[in-house]
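Input: a single structure, listed below in structure tokens.
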Amino acid sequence: MAAPLELSCWGGGWGLPSVHSESLVVMAYAKFSGAPLKVKVIDNTWRGSRGDVPILTTEDNIVSQPAKILNFLRKQKYNADYELSAKQGADTLAYIALIEEKLLPAVLHTFWVESDNYFSVTRPWFASRIPFPLSLILPGRMSKGALNRILLTRGEPPLYHLREVEAQIYRDAKECLNLLSNRLGTSQFFFGDTPSTLDAYVFGFLAPLYKVRFPKGQLQGHLQRLSNLCRFCDDILHSYFRLSLGDG
């Protein structure tokens, strides 16, 4: 009998099983590959001290970070990519690198750095799921971590030219969304009729941007005009998560 797989992750809202992109990547991949994950949603009884989820726990292993978790699942024979050609496998790696370089900084900025969004949506949501007194500390720490991650990806000295950095990351993210939209075209998934790792990554990063209601959402507005990417998110939510939707 296979060892039980438990995924600790941030929960959902706005019709999403998780509002956290990296948690959502793993949850989607598990659905696509048939991995029998038991999802343990973080709530205000959480005993962890850091926000470094998702975390996969088995009888013998603790694995964090989406790429490492997905590699672990593949070794357990839960492989969503077994039908892909070598070229499609290479394309997957290239597009994931593009997403992490060009789209991730703008998603982090939208959630964690844009002050109206952070104080009215992101901070209250995460604080409500973190035990006191960590709820007073951890969201701010996560916001600073997001800012540092953005500046690191841009190669900028901390806090220099932040306005220029902000303008550039949104230009890059819109270009990335356009490339993803063109690559998807009218197909259901990025490589045909069945979802793969790339679909899990695109869904994980786009669905929160698409569904969470922010007071300021310039990137959100751009995504909403790319109807095939919105349809892609809606189809995955309906086909794979319809029994677990809700505000968590």
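Here the shortest heavy-atom pairing between Cys9 and Val39 reads SG-CG1, 3.6 Å. Shortest non-hydrogen contact noted between Ser23 and Trp10 is OG-N, 3.5 Å. Minimum interatomic distance between Val53 and Ser8 (heavy atoms only, all atoms of both residues): CB-O, 3.8 Å. Nearest heavy atom pair, residue Thr194 against residue Glu83, reads OG1-OE1, 3.7 Å. When all heavy atoms of Ile99 and Cys176 are compared, the closest pair comes out as CA-SG, 4.3 Å. Closest of all the heavy-atom pairs between Ala30 and Leu37 is CB-CD1, 3.5 Å.
Checked against side-chain hydrogen bond (donor to acceptor under 3.5 Å, both in side chains), Asp172 has the following partners two or more places apart in sequence or in another chain: Arg154, Gln168. Ser196 pairs by the side-chain hydrogen bond (donor to acceptor under 3.5 Å, both in side chains) definition with Asp199, not counting sequence neighbours. Residues satisfying the side chain to side chain contact (heavy atoms under 4.5 Å, CB included) criterion with Gln88, sequence neighbours excluded, are Leu84, Ser85, Phe191. Residues satisfying the salt bridge (Lys or Arg N to Asp or Glu O under 4.0 Å) test with Arg231, not counting sequence neighbours, are Asp235. For Lys87, the side-chain hydrogen bond (donor to acceptor under 3.5 Å, both in side chains) criterion is met by Asp91, not counting sequence neighbours.
Transitive grouping of hydrophobic side chains (ILVMFWY, heavy atoms separated by less than 4.5 Å) keeps Tyr95 and Leu93 in distinct clusters.
A donor-acceptor contact shorter than 3.5 Å links the side chain of Ser21 to the backbone of Gly204. Checked by atom type and distance alone, the side chain of Glu6 never pairs as donor or acceptor with a backbone atom of Lys38 at under 3.5 Å. Of the possible donor and acceptor atoms, one in the side chain of Asp81 sits under 3.5 Å from a partner among the backbone N and O of Thr197. Proximity of a side-chain donor or acceptor of Asn228 to a complementary backbone N or O of Thr186 within less than 3.5 Å is not detected. Formation of a donor-acceptor pair under 3.5 Å by the Tyr240 side chain with backbone atoms of Ala28 is not found in this model. Thr110 places a side-chain N or O within 3.5 Å of a backbone atom of Ala106 that can act as its donor or acceptor partner. Side chain of Ser64 to backbone of Ile55: no donor-acceptor contact under 3.5 angstrom is found. In this structure a side-chain-to-backbone donor-acceptor pair under 3.5 Å is missing from Tyr82 to Lys77.
Expressed to the nearest 0.5 Å, how far SG of Cys230 lies from CZ of Arg225 amounts to 10.5 Å. Atom CG in Leu198 sits 7.5 Å away from atom CG in Leu180 (nearest 0.5 Å). The distance from atom CG of Leu206 to atom CG of Leu103, rounded to the nearest 0.5 Å, is 6.0 Å. Rounded to the nearest 0.5 angstrom, Met142 CE and Arg123 CZ are separated by 11.0 Å.
Heavy atoms of other residues, nucleotides or ligands lying less than 6.0 angstrom from CD1 of Ile62 number 12 at most. More than 12 heavy atoms of other residues, nucleotides or ligands lie within 6.0 Å of CG in Asn182, so this atom counts as buried by the packing criterion.
Among residue pairs with one or both ends in residues 210-230, those qualifying as ring pair (Phe, Tyr, Trp, His ring centres under 6.0 Å) are Phe111-Phe214; sequence neighbours excluded.
A salt bridge links Arg149 with Glu22: the distance from a Lys NZ or Arg NE/NH1/NH2 to an Asp or Glu carboxylate oxygen falls below 4.0 Å.
For the residue pair Thr122/Asn117, the side-chain donor-acceptor check at 3.5 Å is not satisfied.
Ring centers of Phe232 and Phe190: under 6.0 Å apart, within the cut-off.
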